[in-house]
Amino acid sequence: MSLNFTAIDFETANGSNVSACSVGLVKVRDGRVVDRVAWFIRPPFPHDEFNEWNIRIHGIEPEQCADALQWNDRLADVLAFAEDDTLVAHNAGFDLGVIKASTAFFELAVPDIRYLCSLQVARRTYSLDSYRLPVAAMAAGFEDFSHHDALADAEACAHIIMHAARRHDAVDIDALARVTGVRFGTIGPAAAATHAPMAWA
């Protein structure tokens with residue numbers, strides 16, 4: 001099995017996509033977890049207010065992020081860890097939206113990233129009452145993790161994809177997308193070019 005990808009998860013300080021306060025990444029090679037990393041992120045003004053509801057969900061206090069790097073100084077580390085992998089996230093539109101919005105906020109070039117949503121893969125793999133991350137992860141045999149801890153959530157997401165690939169006899173991430181009928185998403189210049197209106201002579 002040449003199942004290679006990086007799972008990613010963000011926690012945010014408030015409802016803004018620019019308010020990332022934590023990121024977790026889990027690298028999978030040949031269908032096995034081989035590396036993990038997580039960082040706190042200091043949200044930039046004016047997106048730096050920690051909402052009480054968000055704190056209640058993920059337990060991250062402003063003080064924990066006070067000395068952390070901001071996204072513009074952490075993006076390179078995230079990309080270096082992920083290499084050229086397809087990124088996987090549960091409800092991936094949210095997590096990739098954080099990357100896109102935060103990068104644009106700092107007026108940096110949004111990187112070309114291909115991604116796959118483990119929520120959509122789970123819907124095409126399991127028959128469940130709910131496809132929330134803890135429920136889908138349990139179906140994949142990954143239980144008792146700290147939900148809303150970015151690193152734990154990224155690992156849960158990785159296990160959903162690894163289990164789904166075995167269940168569908170998919171040798172790699174492309175085969176898994178193909179057999180489940182889940183489309184890859186993209187962000188960055190390549191994605192913008194794909195969706196650009198056709199120019200007429």
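Residues: numbered from 1 along the sequence shown.
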Cluster link Phe40 to Phe50, ILVMFWY, side chain under 4.5 Å: yes
Side chains of Ile161 and Ile173 in contact at under 4.5 Å (non-hydrogen atoms): yes
Pairwise distance CZ(Arg74) to CZ(Arg42) - rounded to 0.5 angstrom: 11.5 Å
Ala20 to Val98 - nearest heavy-atom pair and separation: CB-CG1, 3.8 Å
Arg56, CZ: over 12 other non-hydrogen atoms inside 6.0 angstrom: yes
Greater than 12 external heavy atoms within 6.0 Å of Glu49's CD: no
Distance, nearest 0.5 Å, that separates CG of Leu3 from CG of Asp174: 10.0 Å
Backbone N/O of Phe10 and side chain of Asp95: donor-acceptor pair under 3.5 Å: yes
side-chain contact (heavy atoms from CB on, under 4.5 Å) evaluation trace for Thr186 with Asp112: CA-CA 7 Å; Thr186 56; Asp112 281 319; over 6 Å; no
Residues Ile60, Ile55; criterion side-chain contact (heavy atoms from CB on, under 4.5 Å); working and verdict: CA-CA 6 Å; Ile60 299 172; Ile55 294 174; over 6 Å; no
Distance in Å, Asn4 CG paired with Thr86 OG1, rounded so as to fall on 0.5 Å steps: 9.5 Å
SB check Arg178 Asp172 (cutoff 4.0 Å): no
Separation between OG of Ser102 and CG of Leu108, rounded to the nearest 0.5 Å: 10.5 Å
Flag, side chain of Lys27 to backbone of Phe81, donor-acceptor distance under 3.5 Å: yes
Closest approach of Leu25 to Thr6 (non-hydrogen atoms, all atoms of both residues): CD2-CG2, 3.9 Å
Leu87-Trp71 co-clustered via ILVMFWY side chain contacts under 4.5 Å: yes
Any donor-acceptor N or O pair under 3.5 Å, side chains Thr125, Arg167: no
Pair Ser16-His47, side-chain donor/acceptor within less than 3.5 Å: yes
Mutual orientation of the aromatic rings belonging to His159 and Phe142 [parallel < 30°, tilted 30-60°, perpendicular > 60°]: parallel
Test side-chain contact (heavy atoms from CB on, under 4.5 Å) applied to Ile8 and Tyr115, step by step: CA-CA 10 Å; Ile8 189 168; Tyr115 65 89; over 6 Å; no
Same cluster (ILVMFWY, side-chain, under 4.5 Å), Val33 and Leu151: yes
Contact summary for Val121 and Ala164, nearest pair of heavy atoms: CG1-CB, 3.7 Å
Hphob cluster co-occupancy, Leu116 + Tyr131, side-chain heavy atoms under 4.5 angstrom: no
In one Ile/Leu/Val/Met/Phe/Trp/Tyr side-chain cluster, 4.5 Å: Phe5, Val26: yes
Stepwise side-chain contact (heavy atoms from CB on, under 4.5 Å) test for Cys65 and Ile41: CA-CA 6 Å; Cys65 302; Ile41 300 168; over 6 Å; no
Glu52 atom CD, neighbour heavy-atom count above 12 within 6.0 Å: no
Asp149 side chain vs His58 backbone, donor-acceptor pair below 3.5 Å: no
Salt-bridge criterion met for Arg29 and Asp85 (N-O under 4.0 Å): yes
Where at least one partner belongs to residues 162-189, residue pairs that pass ring pair (Phe, Tyr, Trp, His ring centres under 6.0 Å), sequence neighbours excluded: Tyr126-His163
Main-chain N/O of Glu61 paired to Gln64 side chain as donor or acceptor, under 3.5 Å: yes
Ile113 and Leu79, any side-chain heavy atoms less than 4.5 Å apart: yes
Residue pair His147 / Asp153, side-chain donor-acceptor N/O under 3.5 Å: yes
Exercise: identify the closest heavy-atom pair between Ile187 and Leu96: CD1-CD1, 3.8 Å
Side-chain (Asn91) to main-chain (Phe94) donor-acceptor, under 3.5 angstrom: no
For the student: nearest non-hydrogen atoms of Ala152 and Ser146, plus distance: CB-O, 3.5 Å
Heavy-atom pair of closest approach, residues Pro111 and Pro189: C-CD, 4.4 Å
Spacing of Ile160 atom CD1 and Ser118 atom OG [to the nearest 0.5 Å]: 4.5 Å
Separation of Ser22 OG from Asp9 CG (nearest 0.5 Å): 8.0 Å
